[in-house]
Structures are given as C-alpha cells and as structure tokens.
Amino acid sequence: MKQAKKITALTLLLTFITVFFMSCSNSGNNNNVNETKNTAGETSASEQGTTSEFTPAAGADYGGYTFKMLGFDSYSGGWKAVGYSEVESETVNGDPINDAVYNRDAEIDEMYNINIQEVLYGGPNDDYGTVINKAMAVVMAGTNEFDAGLTPGNSMPQLIGTKNMTYDLLSIPELDLTKSWWNQNSIKEFTLAGKLHSVTGDISLWNTMAEIVFYFNKQLIEQNGLEDPYSLVRSGDWTWDKLGEMAKAVTRDINGDGVIDRFDQIGIASEDATLYEAVLCAGEHFATKDAQDMPALNTNLDRISAVVDKAMPVLRSQDYAYATSDLYASGKYKNAFFEFTMPKFRDNQILFYTQQLMVALNLRDMQADFGVLPLPKLDASQNGYYSTASDYFNTYAWIPSTNDDPARTANILQAMGYYSQQIVIPALFDVTITNKALRDEDSLEMLQLIKTSRVYDLTTIYNWGGILDIYNSIYKKRINDLASAMEKGAGKINAAMQQTIDSLTN
C-alpha cells in the first residue's frame, strides 16, 4: 500500500514538472514581472521562489506514533474549496488536491513511521471562535489531545494572546524557519518581542487558497478591444487608473433605465475589504514594529491616504462599479457574492471582480475564458506588485504548550512544509487551477507572482480598535475621511494594541 502511494506521488510530481517547464518554455521573455525588489518584505520575489533543501531527521523512527493535528471544519456554503482538508485525505479519489494531501502524508508516514491524523472540534454550524475556544479549553486543562494546529488567522489573537497556550517556535531548534516552505515575510511580521507563536507557508493550503486576486473575463476584453491585462502587469502599467479606464469601457446600461447598477453589464465588482487590501498591495502597513519588536500604529498616513484617493473612486464608481456588500441591504441574500456576483461574472456581465483564489474552483464550468491578476499598483512608479490574503480563511501553524515532544513535532512539520511545497501547492496551481479552471499559462505566471509577493500585517488579524472598520466605512460612504477618523480612533486603537503587548510580555 505504501509503495503504491509513493508511485502515485511520483506520478503527480512528474506531472507538475512537465507542466512547469512547458509554462517556462512558452512564456518567452515575459517572466520578469517583478524585476524590482519588493521593499515590503525581507526578500525579493525571486529569492522567496528559491527552493530549500530538505533533510529528514537522522535516524528518526517514531514507532507508529499517531501525529494529531488540529484542523477546522466550520464553514458551510457552496464553495468547492472548503471540501478539502489541508491535514488529511482518507483515500485517493482522482482529485488532484485531495490526492496530493494523501500522497504528502503517505511520504511522511513512511519516512518517520507515523500516522498523520486530523483532529476536529465543532462542525459546519460552529464559527471559528467557538472551535478555537474548544481547542484552547483542552490545552488549558493540560490535556495532550493534539500535537499541532492549523488555525484561521482571525482566531490567532485569542490563541496567542493567552498566556502559556503555545510554544515559541523560535525556541525549538529542530524547526528551521529559514526554509523556503515557510513564508519569510510572515515570520518577520509576526515575530513579537523576539518570539514567534504561529507561522504560515506552504504547509497551509489556505495560505494559497485565500490569496486575493482580480479575476477578469477574457471574452469581454476581446469584444471591447481592450489591452491585454497580462501585458499590462508585465510592463508595470497595471494601475488603478488603468483598471478604471478598462472597466468604464465595457459598462453597458442593459435595462435602459439610465442608471448603472448591479443589473447592468459592469466593469468592477468588489467588497468592503478591497479598500484596505489595496493599501497593503501598495506596499503600505497599518502597523509597524518599534525598537523593542512590538507593534506600533503607523501614523504616516500620506501615502496610505493617496492609495485611498486613487482606489476608492474606481471601486465605488457609480458609472461602472458596484459593491457586492451593498446587496445585503435588500435582505435577499445569505451570501451575495456566491448567489449573485459570481453567477453574473460567469454570465459575462462583469469584466473585473476581486475575491479569493479559491473561487476559481467554482468557475470551472464557466464557458468564457477567464484569468487572474494581482491587485493594481498605486501608479506605474510603484516598486513591484504586492499581494495579500483573507485571514478569515488563511491558516497558521502552531504547537500547543501541552505537547510533550516539540522536537518530534518540529521534524514532522518540517516534512509537511517541504512535501506541501513539492506536491500539494503544485497540484493546486498547475493541475487543478491552471489546467482546469484558469486555462492558460499566463495565469500560472500571475499566480507565481502573487504567491511570491505576499505581504502580511498584524492588523488584519488583530484589527486593533476596529482600525480596519475605518477603511470599510470609507468604502461604504465614498468619502476619504481617513485622517480625521484615525485621529478620532487613535486612543481606542492604541489601547487595544497595548493590551496585545501586555499579553505578550507579562
């Protein structure tokens, strides 16, 4: 059985290698999308794309140990992506992502003589807070029910903000966090007071699935004689101004009522979070870190405000855009994006819309071709592209303080990260999304750019004092009152940030 698993894994790897080199050979000189160094992170895109070597722990045989990893199963709805487990697949079923997770675990099971098993608390009707509270109760009771966890980002504050809940990952020698399968920008951002309590990277399927992208409809591009979006990205001219220009060109008053709204053919569909995602994708941060490696509010708002001034009129234009989040006011939708916006895009009635990469799996039956792009630059002079992800889905690895053998866990997590990089992420990018959904090698190039230009900001997890709500409010009102709103909310924001600092240092 294990030999059969290894053969299946090898077949998948060979498929990835073939697709990857076909993509490289056909892309010509168009691969250098981010030639300039991204200043938001510690390493450039090309440096982050370098694969580290992996060496299994010498002589490690864990005697059939059942390695239990906390996962999550707490989101219901029609998204195909939520049907995958990033920890364990029960059997091979022909689905590339499912089989990649299965084969990754089979490699590690045989390597260390273990059995990887997922632990779940709660179910589809429980929110993330309920699930993580159950897991934390187990740890606080001193019960060793799981060795490690993969937990959504919005549960991180209560998890790492509770004393003696997790290990400092930097204190475990066997966990080499310099390896390429750990995202170096996340490590830099999430290390506080010299300690790191959670980390993300290729071990997390959702670290890729939750990436924010701009989808575009190729049929509408061609019908309207518009510029090739891929070429715009490569030339550095994919900007908010260009997005607005192209969106306006395709907009049509379908019902003839003289008003452009969601019932017409429109240029852009977005939602509240898109505005603060635009700030991050301009290379800005809501919070920085001080000399003591502690979070501090970014008070230099000039460029952030410039991003808002540029992006908001495009996203909220009454001439060619609408907000999916506005649809909830009607009371007709439980999930307006899934029930209205995505079908409208599928029916060739939207040129651009922004959402998570996971949505591509729901678009595999779309007749017209579509592609993905990074969020636009502030302007052509911006130094490279940046990308971000939704921390509602993005998961982070951590080790509970009840773990009685952190060295063993570190060795297994290292292997999971490496084989995820080698098997799982290629299956997601090259087999499932690019070949079956996005349908073109240019999108593979864009996905690699998006993956290697990721930025992180602690604010997207902690939302100190409701700082992100300020941007959501600006989006809804269409008024850039950022300076006054930040001045008004500074006390509340700083107090919440200080509470986090106290929880980390006391």
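Because the structure is a prediction, the values reported are computed rather than measured.
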If the condition is salt bridge (Lys or Arg N to Asp or Glu O under 4.0 Å), which residues does [X] pass it with, not counting sequence neighbours?
{"X": "Asp369", "answer": "Arg439"}
{"X": "Glu227", "answer": "Lys242"}
{"X": "Lys310", "answer": "Asp241"}
{"X": "Lys488", "answer": "none"}

Is there a side-chain contact between [X] and [Y], using heavy atoms and a 4.5 Å cut-off?
{"X": "Met209", "Y": "Phe393", "value": "no"}
{"X": "Tyr84", "Y": "Leu361", "value": "yes"}
{"X": "Val372", "Y": "Phe214", "value": "no"}
{"X": "Leu196", "Y": "Phe190", "value": "yes"}
{"X": "Ile461", "Y": "Tyr396", "value": "yes"}

field: Chi angles and distances behind the ring-ring contact (aromatic ring centres under 6.0 Å, His included) call for Tyr230, Phe216
entry: CA-CA 10 Å; Tyr230 296 131; Phe216 73 94; 5.3 Å; yes

Between the side chain of [X] and the main-chain N/O of [Y], is any donor-acceptor distance below 3.5 Å?
{"X": "Ser89", "Y": "Ser85", "value": "no"}
{"X": "Arg252", "Y": "Asp264", "value": "no"}
{"X": "Lys289", "Y": "Lys188", "value": "yes"}
{"X": "Asn472", "Y": "Tyr475", "value": "no"}

Sub-6.0 Å ring centroid separation between [X] and [Y]:
{"X": "Tyr471", "Y": "Phe286", "answer": "yes"}
{"X": "Phe337", "Y": "Trp79", "answer": "yes"}
{"X": "Phe352", "Y": "Trp238", "answer": "yes"}

Starting at [atom1] of [X], measure out to [atom2] of [Y] and round the result to the nearest 0.5 Å.
{"X": "Glu86", "Y": "Leu428", "atom1": "CD", "atom2": "CG", "value": "11.5 Å"}
{"X": "Asp319", "Y": "Ile260", "atom1": "CG", "atom2": "CD1", "value": "7.5 Å"}
{"X": "Lys218", "Y": "Asn348", "atom1": "NZ", "atom2": "CG", "value": "13.5 Å"}
{"X": "Leu150", "Y": "Leu205", "atom1": "CG", "atom2": "CG", "value": "10.0 Å"}
{"X": "Ser330", "Y": "Tyr328", "atom1": "OG", "atom2": "OH", "value": "10.0 Å"}
{"X": "Ile467", "Y": "Thr460", "atom1": "CD1", "atom2": "OG1", "value": "11.0 Å"}

Would [X] and [Y] pass as an ion pair if we require N to O under 4.0 Å?
{"X": "Glu445", "Y": "Arg234", "result": "yes"}
{"X": "Asp202", "Y": "Arg104", "result": "no"}
{"X": "Lys334", "Y": "Glu339", "result": "no"}

Pairs flagged by salt bridge (charged side-chain N to carboxylate O under 4.0 Å, His left out) wherever residues 469-480 is involved - sequence neighbours left out: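 Residue pairs with at least one partner in residues 469-480: Asp272-Lys476, Lys477-Asp481.
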
task: Just grab all the side-chain hydrogen bond (donor to acceptor under 3.5 Å, both in side chains) pairs involving residues 349-362, residues at least two apart or on different chains.
output: Glu271-Gln355

message: Given Ile350, which partner from the list Val250, Ile266, Ile268 fulfils the side-chain contact (heavy atoms from CB on, under 4.5 Å) test?
response: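 The passing option is Ile266.
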
message: On a heavy-atom basis, which atom in Pro313 and which in Val308 lie closest, and how many Å separate them?
response: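 Shortest heavy-atom separation between Pro313 and Val308 comes out as CD-O, 3.7 Å.
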
